[in-house]
Amino acid sequence: MADDRTGSIDTLLHEERRYSPSQEFKAAARWNSPAIYERAQRDPDGFWAEMAKELDWFEPWNKVLDWDVPKAQWFVGGKLNASYNCLDRHVKTWRKNKAAIIWEGEPGDERILTYQDLHREVNRCAATLQRFGVHQGDRVAIYLGMIPELVIAMLACARIGAPHTVVFGGFSPDALSDRIQDSEVKLVITADGAWRRGNIVPLKENVDRALKTCPSVRTVLVVNRVMNATRVPMDEGRDHWWHREMDHSGGTCVEPAVLDSEHPLYILYTSGTTGKPKGLMHTTGGYLVGTQMTSATVLDIKDTDTYWCTADIGWVTGHSYIVYGPLSLGATSVMYEGAPDHPDKDRFWAIIEKYKINVLYTAPTAIRAFMRWGSEFPLRHDLSSLRLLGTVGEPINPEAWVWYRKHIGGDRVPVVDTWWQTETGMMMIAPLPGITELKPGSATFPLPGIEADIVDDRGNSIPLGGGGYLVLKRPWPAMARTIWGDPDRWKRQYWDRFPGIYFTGDGAKRDKEGYYWILGRVDDVLNIAGHRIGTMELESALVSHDSVAEAAVIGIPHEIKGQAIAAFVTLRADETRPHKELIEELKKHVTERIGAIARPDKIFITAELPKTRSAKIMRRLLRDIAEGHILGDTTTLADPNVIQSIKLQYEERE
Ligand code: WT7
């Protein structure tokens, strides 16, 4: 267990502040009676069937859930199409000319796509994909910045039943190539570049490098985003400009494929406890049911709202709560391309004021950065349009929660802290803002229809007031169905530790009133600024450097990012370069192998790694060194005696 962190959680459990919804909020909220929890518990299948009726099905299902651990099927026999649910059904109503996407580029350019616009573009893109031989079941990789074409491409894939795999634009060529190879992608959609803090991210160049090791890819479509700011080489025969091909498609309509409820919608890679990222596969029916329901009830998005989720679509938050949830609901979803501090630290607040945003969904790490920058930046803008705030991605400390409510929410709006994962596809533990009394720092309760628990090592439920492993005891509609190409890992990783029960990898506590307080990961996965990264992945990136013999990576607390990366490495015998130079080179190397999110904050070069007699690395000792509890900021660890002598002291203490 994350025993070294339970101390701070105990103080959280004494949090006395409470926030109840205002009468006004309650009266307007989609769900405002606690009876919904009992309704779902009494008859979960019936409850989910009711939720599923909010979608348009070409053919009804004949069974809500077919559960044979660890294989779930939801709405068995039902037929539908995600793109139809996000577009066609709205185009037939008054929403036809409603904004589906309000997009703002980092340089300040703007595009608004109505449901009708989006429908047209998605059809043109679907026709383009078909022309390049993409068939139902083929995989398409999308490696783009936050531009509308990303949503268009996703929905076009969904329209023809070609699962997409979106790769975050911050990932390196190696990381991109691993993902393309793993899912045997046929076509890649990218751009000439992406704007980030006024600089160009060379997406196409990265694709060119990645594709050297990806024989399955036959076509690359290139969106012209950064215009003439950069010139990218085009490989004749393989590379095609997106705009030319879209023009070529003209006004073609592509009938949405009639897909099985369990047809794969997408694969999304995330870090696990091994060196190899896993491709979580999500399917169509259940996923849409779960994301639409939570968009409507937790984020409480209404037809009159302008809603903004600040996540990148490269992560699951963007998939579920920029694209599929809000659009299936017919909402207006805002998308912003760039950095929160470009050109100044008030960019988010300027966007909120400009579009009169009503619902904002962001990450604790961003909130902590805003706190650090100071309240003068939000004060420059009128944020009175906001009526609900949400957070996701990592535990939010009560100070940040209260700051967010006060300085962004004007001390009047609910803040919903939503716990979920790439694997769960949808929010799982979160308040219902018209019902739940909020406690800052707590994700509150499992949503209706969700059965969570906190258990000990042997899987026994821990009474209220205690902590342990967070598990989920009943399948839920948006759950991932498997790990792409590795069903054994799906079973081993999630369903074997507590047989038949889903193990989240998180630790949590429950207070006397049953509120959940999430502690964070209890496995070898770090959460850096809300992004998941495996210690093994980092370690293998480090040892892939010629100078490194062994590496051990740990997470250490960080004021803004939540966790930071500290790496301990031992060098090959023939390595003689100055350590300072080498440390910089290793940081760069990891960035190149994985991406900037994986850049280690601290690297310690040591003569050896402290191991127990059974050869397990003593991570607690490393943590104490990295946090400066033992040596302060010195890095004299390369002296062979240093680690050895601290290790002895440690063994005596244990
Ligand atoms: C891990 C999942 C869900 C989308 C973004 C992250 C941590 C997520 C919370 C929260 C405390 C949280 C957990 C979880 N996490 N939300 N509200 N409170 N921790 O998705 O990359 O799959 O990471 O993020 O540790 O297991 P992900």
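Note that ligands are numbered from 1 as they come in the structure, with each ligand's atoms numbered from 1 the same way.
- Scanning the protein heavy atoms around atom 7 (C) of ligand 1, the nearest turns out to be Gly393 O, 3.3 Å.
- Polar contact with ligand 1: present for Asp506 (N/O pair, distance under 3.5 Å).
- Ala443 does not count as a contact of ligand 1, since none of its heavy atoms falls under 4.0 Å from the ligand.
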Could you go through residues 527-537 and list every donor-acceptor pair under 3.5 Å that involves a side-chain atom there, pairing it with any protein atom two or more places apart or in another chain?
residue: Asn527; atom: OD1; partner: Gly530; partner atom: N; Å: 2.9
residue: Asn527; atom: OD1; partner: His531; partner atom: N; Å: 3.4
residue: Asn527; atom: ND2; partner: Gly393; partner atom: O; Å: 2.7
residue: Arg532; atom: NE; partner: Thr270; partner atom: OG1; Å: 3.3
residue: Arg532; atom: NE; partner: Ser271; partner atom: O; Å: 3.2
residue: Arg532; atom: NH1; partner: Glu423; partner atom: OE1; Å: 3.0
residue: Arg532; atom: NH2; partner: Ser271; partner atom: O; Å: 3.2
residue: Arg532; atom: NH2; partner: Glu423; partner atom: OE2; Å: 2.8
residue: Thr535; atom: OG1; partner: Asp524; partner atom: O; Å: 3.1
residue: Glu537; atom: OE1; partner: Ser271; partner atom: OG; Å: 2.6
residue: Glu537; atom: OE1; partner: Gly534; partner atom: N; Å: 3.4

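- A salt bridge links Arg619 with Glu539: the closest approach of a Lys/Arg side-chain nitrogen to an acidic carboxylate oxygen falls below 4.0 angstrom.
- A heavy-atom distance below 4.5 Å is found between the side chains of Tyr324 and Cys86.
- Residue Arg372 places its CZ atom among 12 or fewer non-hydrogen atoms of other residues, nucleotides or ligands, all under 6.0 Å distant.
- Ranking protein heavy atoms by distance to atom 22 (O) of ligand 1, first place goes to Thr422 OG1, 2.5 Å.
- For ligand 1 and Asn527, the ligand atoms under 4.0 Å from any heavy atom of the residue are 7 (C), 24 (O).
- Comment: Asp453 engages Arg510 in a salt bridge, judged by a side-chain N to carboxylate O separation of less than 4.0 angstrom.
- With 3.5 Å as the limit, one finds a donor-acceptor pair spanning the side chains of Thr274 and Arg489.
- Residue Ile396 places no N or O, backbone or side chain, under 3.5 Å from any N or O of ligand 1.
- The shortest N or O to N or O distance between Arg532 and ligand 1 is under 3.5 Å.
- Checked by distance only, ligand 1 and Thr504 stay at 3.5 Å or farther apart across all their nitrogen or oxygen atoms.
- Taking 4.0 Å as the cut-off between side-chain N and carboxylate O, Arg405 and Asp411 count as a salt-bridged pair.
- With salt bridges taken as basic N to acidic carboxylate O contacts below 4.0 Å, none links Lys439 and Glu437.
- Atoms of ligand 1 found under 4.0 Å from any heavy atom of Val316, numbered from 1 in the order shown, are 4 (C).
- Under 4.0 angstrom from ligand 1, the non-hydrogen atoms of Pro395 come from both its backbone and its side chain.
- Cation-pi geometry between Arg497 and Tyr469 is met: under 6.0 angstrom from the ring centre, within 45 degrees of the axis.
- Which of His319, Gln421, Glu394 comes nearest to atom 10 (C) of ligand 1 through a heavy atom is settled by distance: it is Glu394.
- The distance from ligand 1 to the heavy atoms of Thr317 drops below 4.0 Å at these ligand atoms: 4 (C), 5 (C).
- Proximity of Trp315 to ligand 1 is not established, as no heavy-atom distance is less than 4.0 Å.
- Among protein heavy atoms, the minimum distance from atom 3 (C) of ligand 1 is reached at Trp420 O, 3.1 Å.
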